[in-house]
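Whatever order the structure lists them in is the order used to number ligands and atoms, beginning at 1.
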Amino acid sequence: MLSVTRTQPLFRQVAADTLQARKNFGIGVRKLSWPSTRHRQRLVILGSGWGGYGLLRGVDRSRWDVVVISPNTYFNFTPLLAGCAVGTLEFRCAIEPVRRYSPEITYYQAWCDEIDFKQKTLKCMPATQPVAKSTTGIESQVETSAQFSIPYDKLVIAVGAYSQTFDVPGVKEHAHFLKDARDARRIRSRILECFEQANQPFLSDIERRNLLNFCIVGGGPTGVEFSAELHDLLHTDIQRHYPRSLARLAKITLYDVAPNILGTFDQSLRKYTEKTLAREGLRILTSHHVEKVEAGKMWVKEQGEVPFGMLVWSTGLAPNPLIKSIRGVEKHPQTSSLITDDHLNVIMEDGTPNPDVWTIGDAGTIKESPLPATAQVANQKAKYLVKKLNKLSKDQEHTVPFEFHNQGSLAYIGNWKAIYDRPNPDGTEEGFMTKETGRVAWLLWRSAYFTMTLSWRNKILVPAYWFLNWIFGRDLTRF
Ligand code: FAD
């Protein structure tokens with residue numbers, strides 16, 4: 001059974017409890033009504049990630065009555081999160097606010113919990129703290145945290161996926177995940193806390209070593225990039241500003257159950273990365289199985305008990321609970337993502353595509369040609385849907401199926417080096433810029449993500465922070 005890590009925030013639980021109280025008191029789900037003065041069709045977008053936000057930016061907002069529902073008031077530029085987690089960039093550089101587009105669009109900070117394809121309605125739960133409107137106690141909370149329902153004409157499901165834990169006990173409680181700018185903030189705070197704790201004068205060297213043991217589980221691109229960024233932090237700013245004796249005790253270990261890290265990259269690039277990371281003093285333990293995690297320690301089948309100061313868990317994707325809960329549609333047998341046709345329409349149980357519902361990003365898979373769950377795919381699908389919906393709003397047809405153009409994969413591997421892999425469509429090895437390593441790939445990495453940065457504000461902030469931190473070092477302040 002799959003398990004997910006994004007534990008429901010406390011306020012969501014409170015909202016669920018108050019909803020139950022509402023039901024007990026016989027109070028139904030609140031239906032929101034909209035003025036019928038607007039004759040545009042309502043397009044509801046679920047999620048504000050690579051898929052949802054990409055669509056929001058491009059869709060003709062003057063022709064559609066756009067409603068966005070997402071528990072996040074912002075978009076996460078995920079490739080920059082590892083850098084934010086160690087202070088190479090500030091958190092602001094990796095987010096874009098959804099509110100930039102309101103009041104042109106309607107936005108609710110909420111979770112969609114249920115989709116009724118027949119009635120074309122959604123049930124949603126506020127993702128805000130319940131706020132008491134009056135002084136009448138429980139009733140006021142019930143009132144303000146009520147579930148609400150929203151009708152749609154067209155629906156785009158872009159709710160992404162959660163982090164996979166493989167049901168390893170204790171992971172949810174004691175490991176850090178890296179999916180969101182908030183996670184990056186927690187990680188940064190914990191790294192610096194480990195160093196401040198280890199610096200206390202009354203600790204033994206063993207206690208210090210345990211606190212400064214940083215473990216990363218999952219050797220995919222996210223695990224590798226985070227390890228590399230952490231390595232850069234330890235070997236530059238930490239060495240500069242903490243006692244030498246302390247910095248020397250810090251250790252990074254990258255674990256994976258598979259025999260190799262970066263399984264999706266070409267073998268030569270994998271070998272190059274392993275060699276480079278090992279030379280930099282980063283330990284890679286492949287074919288290692290984490291069995292249990294407790295506060296400050298984990299059990300590895302091949303090693304026994306391993307104490308740590310911080311554990312970052314990045315072992316792939318688990319389905320979003322909303323996607324899991326949807327019935328009457330075709331789903332991928334392994335990933336449980338929604339199956340779509342090559343126009344990205346969700347395929348219903350009877351095998352017919354639903355003409356009013358699309359899914360993009362990590363929540364969906366094309367039946368004929370499954371693609372990797374990446375920002376690149378989500379972004380291209382969003383752009384495709386923009387074209388389709390903009391034509392549809394003018395009563396024009398868009399009959400071209402979605403086609404993915406692989407621009408290659410990049411991963412930062414530390415010390416101003418990266419790898420770049422772009423397989424030839426015909427499967428051959430030869431060609432211009434199909435594989436790059438080292439500084440050239442690093443330049444590609446930085447220019448690619450600078451180019452992809454969405455707003456002018458971040459196009460200025462991202463290079464500015466890269467430059468400032470190169471000159472003055474990272475900010476080691478812990479809030
Ligand atoms: P997401 O971007 O995850 O967005 C999902 C949205 O849905 C969020 O706004 C969420 O709050 C919202 N949501 C969730 N549940 C609900 C609900 N019930 N109702 C309403 N809204 C909901 N890919 C690359 O191609 N290159 C990279 O370099 C790269 N680096 C990465 C680095 C990190 C640290 C991570 C975590 C991922 C990285 N990826 C990268 C993968 C990439 O980020 C994902 O594939 C991409 O985010 C998928 O986009 P999405 O829109 O499907 O989901």
Numbered atoms and elements of ligand 1 in range of G361, under 4.0 angstrom, heavy atoms: 52 (O)

For I69, the ligand 1 atoms with a heavy-atom partner under 4.0 Å come out as 20 (C), 21 (N)

Using a 4.0 Å heavy-atom cut-off, which part of T222 comes near ligand 1: side chain, backbone, both, or neither? side chain

Would you say L46 and ligand 1 have an N/O pair spaced under 3.5 Å apart? no

Among I347, V329, T365, L344, whose side chain to side chain contact (heavy atoms under 4.5 Å, CB included) with L338 holds? V329

Between Y384 and H398, is the ring centroid distance below 6.0 Å? yes

Please identify which atoms of ligand 1 are closer than 4.0 Å to at least one heavy atom of G47. 6 (C), 7 (O), 12 (C), 21 (N)

With a 3.5 Å cut-off and no angle check, do the side chains of E229 and T88 form a donor-acceptor pair? yes

Proximity winner for atom 31 (C) of ligand 1, if only heavy atoms of I45, T78, N72, N76 are counted: T78

A158, portion touching ligand 1 at heavy-atom distance under 4.0 Å: backbone

Qualifying residues under salt bridge (Lys or Arg N to Asp or Glu O under 4.0 Å), relative to R186, sequence neighbours excluded: D183

Are Y108 and F148 an aromatic pair by the rule of ring centers under 6.0 Å? yes

Compute the shortest N/O to N/O distance between W111 and ligand 1 and return yes if it is under 3.5 Å, no if not. no

Show me the donor-acceptor pairs within less than 3.5 Å that the side chains of residues 220-227 make with the rest of the protein, sequence neighbours left out.
residue: E225; atom: OE2; partner: Y412; partner atom: N; Å: 2.9
residue: E225; atom: OE2; partner: W445; partner atom: NE1; Å: 3.2
residue: S227; atom: OG; partner: G223; partner atom: O; Å: 2.7

Audit row: F117, M348, side chain to side chain contact (heavy atoms under 4.5 Å, CB included) steps and yes/no: CA-CA 10 Å; F117 293 114; M348 305 307 286; 3.8 Å; yes

Check each atom of ligand 1 against the heavy atoms of A373 and keep those under 4.0 Å away; list them by number with element. 45 (O)

Taking heavy atoms and a distance under 4.0 Å, where does N320 meet ligand 1: side chain, backbone, both or neither? side chain

Between D341 and K367, does the salt bridge (charged side-chain N to carboxylate O under 4.0 Å, His left out) criterion hold? Intermediate values first, please. CA-CA 6 Å; D341 63 3; K367 190 169 195 166; over 6 Å; no

Centroid separation under 6.0 Å, is that true for the rings of F77 and W50? yes

Checking salt bridge (charged side-chain N to carboxylate O under 4.0 Å, His left out) for the pair E90/R188: CA distance, chi angles, key distance, verdict? CA-CA 11 Å; E90 280 314 311; R188 185 145 135 202; 2.9 Å; yes

Check S70 against ligand 1 and report side chain, backbone, both or neither, counting heavy atoms closer than 4.0 Å. both

Ligand 1 atoms nearer than 4.0 angstrom to some heavy atom of G49 are 1 (P), 2 (O), 4 (O), 6 (C), 9 (O), 51 (O)

For atom 41 (C) of ligand 1, which of A375, G160, A127, P372 has the closest heavy atom? A375

In ligand 1, the atoms that come under 4.0 Å of a heavy atom of C112 are 17 (C), 18 (N), 19 (N), 20 (C)

N/O separation below 3.5 Å, L410 to ligand 1: no

Numbered in order shown, the ligand 1 atoms found under 4.0 Å of a heavy atom of A378 are 49 (O)

Ligand 1 versus Y449, non-hydrogen atoms closer than 4.0 Å: side chain, backbone, both, neither? side chain

Do any nitrogen or oxygen atoms of Y162 lie less than 3.5 angstrom from nitrogen or oxygen atoms of ligand 1? no

Between R270 and E274, does the salt bridge (charged side-chain N to carboxylate O under 4.0 Å, His left out) criterion hold? Intermediate values first, please. CA-CA 6 Å; R270 277 188 254 154; E274 282 175 13; over 6 Å; no

